[in-house]
Student: 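One structure coming up, written as structure tokens, with questions to follow.
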Amino acid sequence: MKPTRLLAIISLSAITAGIVVTAMADDDRRYSDSWGAKTLPGVAPVDLPLYQDECGSCHMAYQPGLLPAPSWEKLMSGLDDHFGENAELPENERQTILNYLLDNAAGRSNYRASNKLMRNIRGAPIRITELPYFVHEHREIPSRLVTGNPKVRSLSYCNACHTQANKGSYDEHQIYIPGYGRYDD
Amino acid sequence: MNEIKKFVATGLTIAGMCYGSIALSQTKAGEALLDRYASAGAKNFSAARGEALWNQKFTHAKSGQKRSCTTCHTSDLRKPGKHARTGKIIEPLAPSVNATRLSNEKKIEKWFLRNCKWTLGRKCTPQEKGDFLSYMSNQ
């Protein structure tokens with residue numbers, strides 16, 4: 001085979017491969033914010049017992065994939081005044097937990113809900129409930145079912161409505177609002 | 001000679017029994033902490049004083065809110081409590097109904113630090129912590 005022929009074949013196949021890849025990427029963009037075929041549903045479940053214990057004592061242990069890294073960094077630097085509570089930790093534990101949060105933050109793991117929560121974020125909000133995608137998804141729930149509902153109190157308590165929140169699943173078919181029932185729209 | 005041995009053995013048994021009955025009313029972790037508080041100058045720990053402090057109301061400087069240990073834990077340690085803000089259920093603190101309680105020195109100290117600051121607006125003294133432990137461990 002002549003070298004020019006070989007070159008032609010190689011470049012042709014490279015172009016074809018390029019087209020296929022582009023087509024796949026387009027396809028993905030249409031259906032979800034995924035990085036590729038391996039996007040998993042929801043957010044990654046918590047798998048560090050220290051985190052579960054320390055950050056799950058006053059509220060559910062929020063999965064690391066619910067906030068981006070700069071947000072976790074900011075939140076973890078002010079634990080002595082944590083939304084008006086004292087959540088101080090010994091320095092070695094704080095460091096272990098911070099590293100865990102940073103390694104698994106939204107934007108650093110390929111889960112569908114994490115990817116969506118990353119949309120349009122400005123700065124480093126330390127509340128999940130202030131992220132634009134979160135606000136958008138919950139804007140239609142009447143306040144009497146949330147702040148006016150003693151069994152919910154605030155949107156911060158994900159597991160009050162998302163029955164599988166502790167496992168990292170926020171599927172819209174697994175929502176049950178106390179005093180209201182299944183939420184299907 | 002035998003007499004003396006017997007005497008010593010009886011003495012040891014009695015001492016052991018006394019020690020055993022003290023240990024009954026205090027967990028191992030609690031015992032270690034009481035020793036530490038004592039070496040920091042605290043003495044004569046009192047369950048009654050601990051109970052009074054448990055129920056005492058303090059005014060939060062910033063909000064004017066009344067706060068006490070009972071705000072989240074209720075005045076019956078054998079019953080579950082509820083986090084005042086988040087509503088999360090807090091399992092009972094009394095070792096008699098929840099064997100995992102007061103079993104870890106670090107955990108006890110961590111929550112004393114956080115919750116004294118939240119409730120009293122300051123750290124608790126070794127005396128106060130010892131009084132709390134004497135009260136709580138007997139519930």
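Side chains included, hydrogens not; waters and symmetry mates left out as well; all remaining heavy atoms used.
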Student: Are A:Leu50 and A:Leu89 co-members of a hydrophobic cluster defined by side-chain heavy atoms under 4.5 Å apart?
Tutor: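 Same cluster.
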
Student: Compile the donor-acceptor pairs, distance criterion under 3.5 Å only, formed between chain B and chain A.
Tutor:
from: B:His83; atom 1: NE2; to: A:Glu85; atom 2: OE1; distance (Å): 3.4
from: B:Ala84; atom 1: O; to: A:Arg153; atom 2: NH1; distance (Å): 3.2
from: B:Arg85; atom 1: O; to: A:Arg153; atom 2: NH1; distance (Å): 3.1
from: B:Arg85; atom 1: NH1; to: A:Phe83; atom 2: O; distance (Å): 2.4
from: B:Arg85; atom 1: NH2; to: A:Phe83; atom 2: O; distance (Å): 3.1
from: B:Thr86; atom 1: OG1; to: A:Cys58; atom 2: O; distance (Å): 2.5
from: B:Lys88; atom 1: NZ; to: A:Gly56; atom 2: O; distance (Å): 3.4
from: B:Lys110; atom 1: NZ; to: A:Glu54; atom 2: OE1; distance (Å): 2.5
from: B:Lys110; atom 1: NZ; to: A:Glu54; atom 2: OE2; distance (Å): 2.7
from: B:Arg114; atom 1: NE; to: A:Glu88; atom 2: O; distance (Å): 3.1
from: B:Arg114; atom 1: NH2; to: A:Ala87; atom 2: O; distance (Å): 3.4
from: B:Arg114; atom 1: NH2; to: A:Glu88; atom 2: O; distance (Å): 2.9
from: B:Lys117; atom 1: NZ; to: A:Glu88; atom 2: OE2; distance (Å): 2.9

Student: Find out if a path of hydrophobic residues (ILVMFWY) with successive side-chain heavy-atom gaps under 4.5 Å connects B:Ile90 to B:Met136.
Tutor: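 Each belongs to a different hydrophobic cluster.
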
Student: Under 4.5 Å from any heavy atom of chain A, what part of B:Leu113 do you find: side chain, backbone, both or neither?
Tutor: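 Interface part for B:Leu113: side chain.
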
Student: List in chain and number order the residues that pass side chain to side chain contact (heavy atoms under 4.5 Å, CB included) with B:Asn55, two or more places apart in sequence or in another chain; answer none if no residue qualifies.
Tutor: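 Listed in chain order: B:Glu51, B:Thr70, B:Ser75.
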
Student: Spell out, yes or no, whether A:Phe83 and A:Met76 are grouped together once hydrophobic residues are joined by side-chain heavy atoms under 4.5 Å, including indirect joins.
Tutor: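 Per the 4.5 Å side-chain linkage, A:Phe83 and A:Met76 are co-clustered.
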
Student: Are A:Leu67 and A:Leu79 grouped together when hydrophobic residues (ILVMFWY) are joined by side-chain heavy atoms under 4.5 angstrom apart?
Tutor: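 As far as the 4.5 Å side-chain criterion goes, A:Leu79 and A:Leu67 are connected within one cluster.
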
Student: When you group the ILVMFWY residues by side-chain heavy-atom contacts below 4.5 Å and let the links chain together, are A:Val146 and A:Ile128 in the same group?
Tutor: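 Yes, A:Ile128 and A:Val146 fall within the same hydrophobic cluster.
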
